[in-house]
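Structure first, then comments.
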2 protein chains.
Amino acid sequence: MSTSTSTKPMREQVEEYINNLQDQIVLAFEKLDPNAPPFKRDSWVRAQGGTGCSCVFAAPPNDGAVSQHESVLEKAGINISIVHGRLPPSAIRQMRADHNSMPLPDRPDGLPFFAAGISLVVHPRNPHAPTVHANYRYFEITEPESPDADDVTDEKEKSPQEVLAWWFGGGSDLTPSYLYEEDAVHFHSTLQRACDQHGPQLYPTFKKWCDEYFYIPHRQETRGIGGLFFDDLNSGTHVRLPATLPNSDVLVKRPSTPEDIFTFVRALGDAFVPSYLPILSIRHNLPYTPHQRRWQLIRRGRYVEFNLVYDRGTKFGLMTPGARIESILMSLPETARWEYMSELGEEGTEEGRLMAVLREPREWV
Amino acid sequence: MSTSTSTKPMREQVEEYINNLQDQIVLAFEKLDPNAPPFKRDSWVRAQGGTGCSCVFAAPPNDGAVSQHESVLEKAGINISIVHGRLPPSAIRQMRADHNSMPLPDRPDGLPFFAAGISLVVHPRNPHAPTVHANYRYFEITEPESPDADDVTDEKEKSPQEVLAWWFGGGSDLTPSYLYEEDAVHFHSTLQRACDQHGPQLYPTFKKWCDEYFYIPHRQETRGIGGLFFDDLNSGTHVRLPATLPNSDVLVKRPSTPEDIFTFVRALGDAFVPSYLPILSIRHNLPYTPHQRRWQLIRRGRYVEFNLVYDRGTKFGLMTPGARIESILMSLPETARWEYMSELGEEGTEEGRLMAVLREPREWV
């Protein structure tokens, strides 16, 4: 762990970091499967302000009957976006409700925002290899620019506006179709190690939050075997992180300054490849049956249900005019399946072993 | 058209009708494909009050590599439900907002409701054959029972409570993957004929409502080529149905009494088989390519997006504790597909011909 001593504004530091992390992750997947086509790198510009880059893997569609190299991945997207603009008053009210630690003033013209993040979803082809998702983001709301700021045409020359609110959010979680306990333990342990250097309550608090967040109420099951989820992490007290030890005044160590929180988020981002690639490297080679593939596609159906019905990021994206729908929905699997009253997943089967863990989240470390 | 002179309460008449209609529709599909397995008939009881019957078609999963008879249908559900219970005050407030022609009183204990309906979705296997959906429902809200009514244990002996509000809703719409204009014309003409006997404004008004309802904002396209959609149809003035001819005091003919509206809804229910089966009978036999199958699965992905993100019935069902999830989500296709930035659907292709119609709904009759 290195303590950053950069004097650059946080938004620039975050932008630089997610750019590098995206490269590193894409290269790791490409190295694992050198015979597969490379990721497609799509840079885009947002008309309302900002840029992004979607790195997407898709196997060529099997339109003909010709047998092909079976790629390790079926569909994957590793996306970054760095956007800015103005939040209208209605969005600020919504944001105040969702992020209640932020004292945001009402302004008739709204407030400027900046958001930078990396978001990835990887769906491997082999039913023994789990789907993984990770997302790390930084959000900032600033004072409106002074009226004459528009005269300065070069963005870089504008003096930085006062930051009214800022926070980091993110997490990573694993969604297997078949339960390999050692994979769940490896994934969680790797994340726990990345957390524990920065405070003892981070892993248990954000692990629990993850189980709660990725819950599908209408199925009464979680999407997967969890990981970490957090939001609203800034210098203030956090509604979920205990400030002191139980029944004591002793403060619990946690990252509090912007730099410390960014260092913590970098530790998690850096932990992505070691948390997941070793699992994928083993599982993608296991033989599988049509029955196992069928179960995987049913589980992908549940993934679609969660993302379209409950996921806050997806819902926010779909409601945002001018949002890049192809990037938002790249999280959806290539193929999903819905069976009426499927008999798969019953107790006493391999599929049922997974279901038991999704119905009652377990402690893995 | 026969004018019903029944003296039975409307709820019993509706229950009888949808029971018969379900049988008739299931038999029509079974007759079309006698070599396919029959529909699975699942009767169920709702713990909180009511019964239902889901008739579901599913082809046996192709777990082995053995080539099978290719069934006409891939997945279909033709469901009825007759449920009753008590709407809590929060649900009444929501209902008042959604159905603003109903003057519903606030009661601390809520109000009793009754709902009976038939709901069907049919996904054929052949990409040339369109998916179809239809739904007809009757809703009633009554005065709470008098406190001593609980002593009467036989439901039939209870005196009927005063109906505070009632309405019919429903419609039917077609979702092709490939555009056959003659199919769209046949489907719409059949529905139009069923409407026109009951009033000249019914088809144009409910056709327009359908195009608006089945719109997917984040894709800027409709789910399919439309049909009919209506709600809140009762004796009162209807927010969408013009009461008089333009610039005149002449009243426009429309069904207004409960019996006339039920007769109209029966005409639409009876029109389902003639509106759809002739299309399916022709299209299910056309040869198709893997490319066309792939496009069909992409379109099914859009179907999933609409149903999970926007469909009011689905969303209401998912939020309802104790709802039968398997019946609600039987509308989802067996398989759906999501491609990042798919090149399919471009102008100048057969797929693009469909897209043009989804982006700008057309008048078909």
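Just so it is clear, the model here is predicted, and its values are computed rather than measured.
- Within residues 301-309 of chain A, the residues having any heavy atom under 4.5 Å from a heavy atom of chain B are, by residue number, A:Val304, A:Glu305, A:Leu308, A:Val309.
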Exercise. Step by step, would you call B:Thr335 with A:Leu297 a side-chain contact (heavy atoms from CB on, under 4.5 Å)?
Worked result: CA-CA 8 Å; B:Thr335 316; A:Leu297 298 186; 5.5 Å; no
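- For B:Arg300, no part sits under 4.5 Å from any heavy atom of chain A, backbone or side chain.
- For CD of A:Glu360, the number of neighbouring non-hydrogen atoms (other residues, nucleotides, ligands) closer than 6.0 Å is 12 at most.
- Atom CD of B:Glu347 has 12 or fewer heavy atoms from other residues, nucleotides or ligands within 6.0 Å.
- Of the two parts of B:Ala58, neither the backbone nor the side chain holds a non-hydrogen atom closer than 4.5 Å to a non-hydrogen atom of chain A.
- Your options are B:Lys315, B:Met319, B:Glu326, B:Lys40, and the one with the most heavy-atom pairs under 4.5 Å with chain A is B:Glu326.
- With values rounded to the nearest 0.5 angstrom, A:Met341 atom CE is found 12.5 Å from B:Ile325 atom CD1.
- Among residue pairs with one or both ends in residues 310-352 of chain A, those qualifying as ring-ring contact (aromatic ring centres under 6.0 Å, His included) are A:His218-A:Tyr310; sequence neighbours excluded.
- Under the ring pair (Phe, Tyr, Trp, His ring centres under 6.0 Å) criterion, B:Tyr136 pairs with no residue, sequence neighbours left out.
- In this view, B:Arg293 and B:Glu74 satisfy the salt bridge (charged side-chain N to carboxylate O under 4.0 Å, His left out) rule, not counting sequence neighbours.
- Taken from CD in B:Glu339 to CG in A:Leu329, the straight-line distance is 13.5 Å, to the nearest 0.5 Å.
- Atom CZ in B:Arg337 sits 8.5 Å away from atom NZ in A:Lys75 (nearest 0.5 Å).
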